Student: 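First the structure, which I've put down as C-alpha coordinates, then a few questions once you've had a look.
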Amino acid sequence: MDIKQLGYLGLSAREPDAFTAYATDILGMQRVAGEDGATHFRIDDVHHRITVEAGEQDGGAYYGWEVADAGALSAALDELSDHGVLAHQATQRELEIRRVAGMAHFLDPAGNRVELFHGASAGEGQFTSARDIERFVTGDLGLGHVVLASPDVAAQQRFYTDVLGFKISDTMRRPFQATFLHTNPRHHSIAFVDGPFFGIHQPFLHHFMLEVPDMDQVGRTYDLVLDRDVPVTMTLGRHSNDQMFSFYAESPVGVHTEFGSGGVLIDDATWQVTEIPGPDLWGHRH
(Lines give C-alpha, C1' and ligand atoms only; values in the text may rest on other atoms or scores of the structure.)
Protein backbone atom coordinates (compact mmCIF):
# COMPACT_ATOMS: atom_id res chain seq x y z
CA MET A 1 0.00 0.00 0.00
CA ASP A 2 1.33 3.42 -0.95
CA ILE A 3 0.11 6.10 1.44
CA LYS A 4 1.43 9.53 0.53
CA GLN A 5 0.88 11.66 3.60
CA LEU A 6 -1.24 12.59 6.60
CA GLY A 7 -3.77 14.69 4.74
CA TYR A 8 -6.18 15.79 7.44
CA LEU A 9 -7.21 15.39 11.05
CA GLY A 10 -10.65 15.40 12.63
CA LEU A 11 -11.22 16.53 16.21
CA SER A 12 -14.24 16.19 18.45
CA ALA A 13 -14.92 19.03 20.91
CA ARG A 14 -17.44 19.74 23.60
CA GLU A 15 -16.73 23.46 23.10
CA PRO A 16 -15.68 23.83 19.45
CA ASP A 17 -15.75 27.64 19.57
CA ALA A 18 -12.97 27.62 22.17
CA PHE A 19 -10.77 25.63 19.80
CA THR A 20 -11.49 28.10 17.01
CA ALA A 21 -9.97 30.97 18.97
CA TYR A 22 -6.94 28.85 19.88
CA ALA A 23 -6.39 27.61 16.32
CA THR A 24 -6.58 31.06 14.75
CA ASP A 25 -5.33 33.58 17.33
CA ILE A 26 -2.58 31.36 18.80
CA LEU A 27 -1.57 28.85 16.10
CA GLY A 28 -2.23 31.10 13.13
CA MET A 29 -4.56 28.88 11.13
CA GLN A 30 -7.23 30.24 8.80
CA ARG A 31 -10.83 29.43 9.72
CA VAL A 32 -13.03 28.11 6.92
CA ALA A 33 -16.78 27.67 7.31
CA GLY A 34 -17.92 24.06 7.39
CA GLU A 35 -21.07 21.99 7.09
CA ASP A 36 -23.40 20.46 9.71
CA GLY A 37 -21.76 22.43 12.49
CA ALA A 38 -18.20 21.49 11.53
CA THR A 39 -15.45 24.11 11.37
CA HIS A 40 -12.46 23.69 9.07
CA PHE A 41 -8.97 25.11 9.48
CA ARG A 42 -6.61 25.81 6.62
CA ILE A 43 -2.79 25.99 6.80
CA ASP A 44 -1.79 25.82 3.11
CA ASP A 45 -3.32 25.62 -0.38
CA VAL A 46 -5.54 22.63 0.52
CA HIS A 47 -9.12 23.50 1.47
CA HIS A 48 -8.49 22.40 5.06
CA ARG A 49 -6.22 20.18 7.11
CA ILE A 50 -8.08 20.12 10.44
CA THR A 51 -11.79 19.86 11.14
CA VAL A 52 -13.48 20.32 14.52
CA GLU A 53 -16.94 18.93 15.13
CA ALA A 54 -19.14 19.23 18.20
CA GLY A 55 -19.14 16.03 20.23
CA GLU A 56 -19.81 14.56 23.65
CA GLN A 57 -16.11 14.23 24.39
CA ASP A 58 -12.87 15.96 23.43
CA GLY A 59 -10.14 14.30 21.38
CA GLY A 60 -9.21 12.81 18.04
CA ALA A 61 -12.10 11.66 15.85
CA TYR A 62 -10.47 10.50 12.59
CA TYR A 63 -7.18 10.53 10.69
CA GLY A 64 -7.10 11.00 6.92
CA TRP A 65 -4.29 9.44 4.85
CA GLU A 66 -3.90 10.35 1.19
CA VAL A 67 -3.42 7.91 -1.68
CA ALA A 68 -2.69 8.87 -5.28
CA ASP A 69 -6.04 8.38 -6.99
CA ALA A 70 -9.19 6.26 -7.29
CA GLY A 71 -7.18 3.28 -8.57
CA ALA A 72 -4.83 3.45 -5.60
CA LEU A 73 -7.79 3.62 -3.22
CA SER A 74 -9.39 0.58 -4.85
CA ALA A 75 -6.11 -1.35 -4.63
CA ALA A 76 -5.74 -0.37 -0.97
CA LEU A 77 -9.22 -1.65 -0.21
CA ASP A 78 -8.35 -4.97 -1.85
CA GLU A 79 -5.24 -5.22 0.34
CA LEU A 80 -7.26 -4.45 3.45
CA SER A 81 -9.74 -7.17 2.51
CA ASP A 82 -6.88 -9.63 2.03
CA HIS A 83 -5.81 -8.89 5.61
CA GLY A 84 -9.34 -9.33 6.95
CA VAL A 85 -9.89 -5.61 7.58
CA LEU A 86 -13.48 -4.46 7.04
CA ALA A 87 -13.59 -1.06 5.31
CA HIS A 88 -16.60 1.10 4.52
CA GLN A 89 -17.10 3.47 1.62
CA ALA A 90 -17.77 7.07 2.61
CA THR A 91 -21.24 8.51 2.26
CA GLN A 92 -21.78 11.42 -0.09
CA ARG A 93 -22.18 13.73 2.89
CA GLU A 94 -18.86 12.58 4.35
CA LEU A 95 -17.17 13.31 1.02
CA GLU A 96 -18.69 16.80 1.01
CA ILE A 97 -17.52 17.54 4.55
CA ARG A 98 -14.02 16.16 3.92
CA ARG A 99 -13.87 17.94 0.54
CA VAL A 100 -12.38 14.88 -1.17
CA ALA A 101 -13.25 12.93 -4.32
CA GLY A 102 -13.18 9.48 -2.71
CA MET A 103 -12.75 8.03 0.77
CA ALA A 104 -13.12 4.79 2.72
CA HIS A 105 -12.72 4.23 6.45
CA PHE A 106 -11.94 1.43 8.89
CA LEU A 107 -10.65 0.93 12.43
CA ASP A 108 -7.07 0.11 13.38
CA PRO A 109 -6.37 -2.50 16.11
CA ALA A 110 -6.74 0.12 18.87
CA GLY A 111 -10.06 1.40 17.51
CA ASN A 112 -8.87 4.62 15.87
CA ARG A 113 -10.85 5.62 12.78
CA VAL A 114 -8.50 5.57 9.78
CA GLU A 115 -9.60 7.17 6.51
CA LEU A 116 -7.95 6.63 3.13
CA PHE A 117 -8.80 9.32 0.58
CA HIS A 118 -7.85 10.89 -2.73
CA GLY A 119 -8.66 14.11 -4.54
CA ALA A 120 -8.51 16.75 -1.80
CA SER A 121 -10.04 20.07 -2.87
CA ALA A 122 -7.94 23.22 -3.03
CA GLY A 123 -8.85 26.24 -0.97
CA GLU A 124 -10.17 29.47 -2.43
CA GLY A 125 -7.40 32.01 -2.95
CA GLN A 126 -4.17 32.02 -0.98
CA PHE A 127 -3.77 30.78 2.57
CA THR A 128 -4.08 33.77 4.89
CA SER A 129 -2.98 33.24 8.48
CA ALA A 130 -5.09 34.77 11.21
CA ARG A 131 -1.83 36.20 12.60
CA ASP A 132 1.72 36.47 11.22
CA ILE A 133 2.42 32.91 10.06
CA GLU A 134 3.56 33.17 6.44
CA ARG A 135 3.40 29.42 5.82
CA PHE A 136 3.52 25.99 7.42
CA VAL A 137 5.76 23.14 6.25
CA THR A 138 3.31 20.87 4.40
CA GLY A 139 3.18 20.06 0.67
CA ASP A 140 4.26 16.48 -0.05
CA LEU A 141 5.09 16.06 3.66
CA GLY A 142 1.47 16.44 4.68
CA LEU A 143 -0.20 18.09 7.65
CA GLY A 144 2.49 17.26 10.20
CA HIS A 145 2.23 14.34 12.56
CA VAL A 146 -0.04 12.78 15.16
CA VAL A 147 0.98 10.83 18.25
CA LEU A 148 -1.50 8.33 19.62
CA ALA A 149 -1.45 6.75 23.04
CA SER A 150 -2.20 3.06 22.48
CA PRO A 151 -2.70 0.08 24.80
CA ASP A 152 -0.48 -2.12 22.58
CA VAL A 153 2.28 -0.28 20.72
CA ALA A 154 3.63 -3.46 19.12
CA ALA A 155 0.23 -4.36 17.64
CA GLN A 156 -0.12 -0.88 16.18
CA GLN A 157 3.35 -1.02 14.67
CA ARG A 158 2.63 -4.37 13.01
CA PHE A 159 -0.66 -3.15 11.53
CA TYR A 160 0.70 0.12 10.17
CA THR A 161 3.83 -1.47 8.69
CA ASP A 162 2.54 -4.88 7.54
CA VAL A 163 -0.90 -3.78 6.34
CA LEU A 164 -0.69 -0.04 5.56
CA GLY A 165 2.91 0.03 4.36
CA PHE A 166 4.42 2.55 6.77
CA LYS A 167 8.16 2.37 7.50
CA ILE A 168 9.77 2.45 10.93
CA SER A 169 11.85 5.55 11.60
CA ASP A 170 13.03 4.59 15.07
CA THR A 171 11.83 3.15 18.37
CA MET A 172 12.18 3.88 22.07
CA ARG A 173 11.89 1.72 25.20
CA ARG A 174 12.72 4.19 27.98
CA PRO A 175 11.21 5.99 29.77
CA PHE A 176 8.23 4.51 27.90
CA GLN A 177 7.71 2.38 24.80
CA ALA A 178 7.19 4.25 21.53
CA THR A 179 7.50 3.68 17.78
CA PHE A 180 7.81 6.37 15.11
CA LEU A 181 6.63 5.69 11.54
CA HIS A 182 6.99 7.53 8.26
CA THR A 183 5.34 7.37 4.87
CA ASN A 184 7.29 10.17 3.15
CA PRO A 185 10.53 12.02 4.03
CA ARG A 186 9.03 13.63 7.17
CA HIS A 187 10.67 11.79 10.08
CA HIS A 188 7.31 10.58 11.36
CA SER A 189 3.74 11.21 10.32
CA ILE A 190 2.42 9.02 13.11
CA ALA A 191 3.81 7.65 16.34
CA PHE A 192 2.45 5.37 19.03
CA VAL A 193 3.29 5.69 22.70
CA ASP A 194 2.55 3.32 25.57
CA GLY A 195 -0.83 4.42 26.87
CA PRO A 196 -0.76 2.41 30.13
CA PHE A 197 2.51 4.17 31.08
CA PHE A 198 0.49 7.41 31.17
CA GLY A 199 -2.50 5.74 32.85
CA ILE A 200 -4.42 5.63 29.56
CA HIS A 201 -5.98 2.30 28.59
CA GLN A 202 -7.88 3.37 25.47
CA PRO A 203 -6.82 4.96 22.18
CA PHE A 204 -6.15 8.65 22.68
CA LEU A 205 -4.72 11.44 20.54
CA HIS A 206 -1.89 12.84 22.64
CA HIS A 207 -0.87 15.59 20.24
CA PHE A 208 -0.64 16.79 16.68
CA MET A 209 2.37 18.67 15.33
CA LEU A 210 2.52 21.75 13.14
CA GLU A 211 5.85 22.76 11.60
CA VAL A 212 6.93 26.25 10.51
CA PRO A 213 10.05 27.13 8.47
CA ASP A 214 12.09 28.93 11.13
CA MET A 215 12.68 28.94 14.88
CA ASP A 216 11.72 32.60 15.26
CA GLN A 217 8.14 31.68 14.39
CA VAL A 218 8.31 29.05 17.12
CA GLY A 219 9.66 31.60 19.58
CA ARG A 220 7.04 34.22 18.75
CA THR A 221 4.28 31.66 19.13
CA TYR A 222 5.76 30.52 22.45
CA ASP A 223 5.70 34.12 23.67
CA LEU A 224 2.09 34.43 22.57
CA VAL A 225 1.16 31.24 24.44
CA LEU A 226 2.77 32.62 27.60
CA ASP A 227 1.12 36.02 27.19
CA ARG A 228 -2.33 34.44 26.74
CA ASP A 229 -1.88 32.04 29.70
CA VAL A 230 -2.32 28.98 27.47
CA PRO A 231 -1.14 25.92 29.44
CA VAL A 232 2.40 24.94 28.37
CA THR A 233 2.76 21.19 28.77
CA MET A 234 6.37 20.95 27.57
CA THR A 235 8.76 23.90 27.41
CA LEU A 236 11.02 24.74 24.47
CA GLY A 237 13.37 21.88 23.61
CA ARG A 238 14.78 19.69 20.87
CA HIS A 239 13.91 16.05 20.22
CA SER A 240 16.69 13.49 19.90
CA ASN A 241 15.24 11.62 16.91
CA ASP A 242 13.61 14.11 14.52
CA GLN A 243 15.65 17.08 15.84
CA MET A 244 12.49 19.18 16.07
CA PHE A 245 12.89 22.45 17.98
CA SER A 246 9.49 22.87 19.57
CA PHE A 247 7.19 23.35 22.54
CA TYR A 248 3.88 21.80 23.52
CA ALA A 249 0.69 23.54 24.60
CA GLU A 250 -2.69 22.18 25.65
CA SER A 251 -5.53 23.04 23.33
CA PRO A 252 -9.08 23.67 24.60
CA VAL A 253 -10.07 20.16 23.51
CA GLY A 254 -7.44 18.51 25.71
CA VAL A 255 -5.29 17.45 22.77
CA HIS A 256 -1.77 18.84 22.99
CA THR A 257 -0.21 20.78 20.12
CA GLU A 258 3.47 20.56 19.24
CA PHE A 259 4.61 23.69 17.42
CA GLY A 260 8.08 23.32 15.95
CA SER A 261 10.72 23.87 13.30
CA GLY A 262 13.70 22.06 11.79
CA GLY A 263 12.45 18.48 11.56
CA VAL A 264 14.72 15.86 10.00
CA LEU A 265 13.93 14.49 6.54
CA ILE A 266 14.48 10.78 5.90
CA ASP A 267 16.14 9.23 2.86
CA ASP A 268 15.10 5.57 2.91
CA ALA A 269 18.20 4.62 0.89
CA THR A 270 20.51 5.62 3.74
CA TRP A 271 18.36 5.84 6.88
CA GLN A 272 19.25 3.46 9.71
CA VAL A 273 16.50 2.44 12.13
CA THR A 274 17.75 2.80 15.70
CA GLU A 275 16.48 2.57 19.24
CA ILE A 276 16.81 6.05 20.70
CA PRO A 277 17.89 6.35 24.36
CA GLY A 278 15.27 8.98 25.20
CA PRO A 279 12.94 11.50 23.59
CA ASP A 280 14.91 14.72 24.04
CA LEU A 281 18.35 16.25 23.57
CA TRP A 282 17.47 19.12 25.90
CA GLY A 283 14.49 21.03 27.25
CA HIS A 284 10.88 19.92 26.82
CA ARG A 285 10.40 20.12 30.56
CA HIS A 286 6.99 19.29 31.94
Side-chain angles (χ1 to χ4, degrees), residues 3-11 19 22-23 26-29 41-44 46 48-52 59-66 112 129 133 135-150 156 160 166 169-170 172 178-193 198 204-215 217-222 224-225 230-266 276 279-281 283-284 286:
I3 291 175
K4 302 297 184 183
Q5 60 170 263
L6 175 62
Y8 58 75
L9 164 66
L11 298 173
F19 184 86
Y22 173 78
I26 303 296
L27 300 181
M29 300 185 201
F41 297 94
R42 182 180 177 186
I43 62 173
D44 57 11
V46 177
H48 68 270
R49 293 285 192 173
I50 294 177
T51 298
V52 177
Y62 54 83
Y63 310 91
W65 299 95
E66 185 177 25
N112 298 297
S129 171
I133 303 295
R135 70 181 184 91
F136 291 88
V137 179
T138 57
D140 291 341
L141 300 179
L143 161 62
H145 72 234
V146 290
V147 173
L148 302 173
S150 301
Q156 292 290 82
Y160 278 78
F166 284 69
S169 304
D170 40 47
M172 186 175 71
T179 187
F180 302 84
L181 307 175
H182 65 277
T183 187
N184 59 49
R186 190 186 291 280
H187 177 273
H188 58 281
S189 292
I190 193 167
F192 301 103
V193 298
F198 298 97
F204 180 80
L205 174 61
H206 179 271
H207 74 265
F208 65 89
M209 185 279 294
L210 298 175
E211 185 175 0
V212 288
D214 64 87
M215 64 186 300
Q217 289 283 11
V218 178
R220 283 194 287 270
T221 305
Y222 189 67
L224 186 58
V225 163
V230 175
V232 174
T233 53
M234 292 177 70
T235 61
L236 284 169
R238 188 179 291 276
H239 285 308
S240 59
N241 58 352
D242 68 354
Q243 303 291 306
M244 188 73 71
F245 170 75
S246 64
F247 71 90
Y248 292 68
E250 185 175 351
S251 78
V253 299
V255 175
H256 302 255
T257 306
E258 181 182 7
F259 198 93
S261 179
V264 164
L265 297 180
I266 285 178
I276 59 175
D280 301 303
L281 290 174
H284 284 151
H286 295 272

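Bear in mind the structure is a predicted one, so any value in this text is a computation, not a measurement. Excluded from the calculations below are hydrogen atoms, water molecules and symmetry mates; all remaining heavy atoms, backbone and side chain alike, are included. Residues take their numbers from the sequence shown, with the count starting at 1.
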Student: Considering non-hydrogen atoms only, spot the tightest contact between I276 and S240 and give its length.
Tutor: CD1-OG, 4.0 Å
Student: Show your working on side-chain contact (heavy atoms from CB on, under 4.5 Å) between Q243 and L281 and close with a plain yes or no.
Tutor: CA-CA 8 Å; Q243 303 291 306; L281 290 174; 3.8 Å; yes
Student: Distance alone, cut at 3.5 Å: any donor-acceptor contact between the side chains of H256 and T233?
Tutor: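 Yes, side-chain donor-acceptor contact under 3.5 Å.
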Student: Pick from F259, F245, Y248, F247: which one makes a ring pair (Phe, Tyr, Trp, His ring centres under 6.0 Å) with Y222?
Tutor: F247
Student: Starting from the C-alpha separation in whole Å, work towards a yes-or-no answer on side chain to side chain donor-acceptor pair (under 3.5 Å) for T179 and H188.
Tutor: CA-CA 9 Å; T179 187; H188 58 281; over 6 Å; no
Student: Tell me which one of H187, H182, H206, H207 satisfies ring pair (Phe, Tyr, Trp, His ring centres under 6.0 Å) with H145.
Tutor: H207
Student: Quick one: does H286's side chain get under 4.5 Å of M234's, heavy atoms only?
Tutor: yes
Student: As a test of understanding, state which of L6, T183, L148 forms a side-chain contact (heavy atoms from CB on, under 4.5 Å) with I190.
Tutor: L148
Student: Start with the C-alpha gap between D140 and N184, add the side-chain angles, then the distance that decides, and say whether side-chain contact (heavy atoms from CB on, under 4.5 Å) holds.
Tutor: CA-CA 8 Å; D140 291 341; N184 59 49; over 6 Å; no
Student: Show, in sequence, the C-alpha distance, side-chain angles and deciding distance for L27 and F41, and conclude whether the side-chain contact (heavy atoms from CB on, under 4.5 Å) test is met.
Tutor: CA-CA 11 Å; L27 300 181; F41 297 94; over 6 Å; no
Student: Return the minimal non-hydrogen interatomic distance between L205 and V147, and the atom names on each side.
Tutor: CD1-O, 3.6 Å
Student: Please report the closest heavy-atom contact between G28 and S129, naming both atoms and the distance.
Tutor: O-OG, 2.7 Å
Student: Check whether any side-chain heavy atom of H284 sits under 4.5 Å from a side-chain heavy atom of S246, and report yes or no.
Tutor: yes
Student: Mind listing the closest non-hydrogen atom pair of P279 and H239 along with its distance?
Tutor: O-ND1, 3.2 Å
Student: Using the rule given for side-chain contact (heavy atoms from CB on, under 4.5 Å), can you reason through L236 versus V218, listing the C-alpha separation, both sets of side-chain angles and the distance that settles it, and then say yes or no?
Tutor: CA-CA 9 Å; L236 284 169; V218 178; 3.9 Å; yes
Student: How far apart are the closest heavy atoms of S169 and L181, and which atoms are they?
Tutor: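 Scanning both residues completely, I find the closest heavy atoms to be OG-C, 3.9 Å.
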Student: Using ring-ring contact (aromatic ring centres under 6.0 Å, His included), reason through W65 and Y160 one step at a time and then give a plain yes or no.
Tutor: CA-CA 12 Å; W65 299 95; Y160 278 78; 7.1 Å; no
Student: For G262 versus M244, what's the shortest heavy-atom pair and its separation?
Tutor: N-SD, 4.2 Å
Student: May I ask you to test the L143-I43 pair for a side-chain heavy-atom distance under 4.5 Å?
Tutor: yes
Student: How long is the span from the CD atom in Q217 to the CZ atom in R135, to the nearest 0.5 Å?
Tutor: 10.0 Å
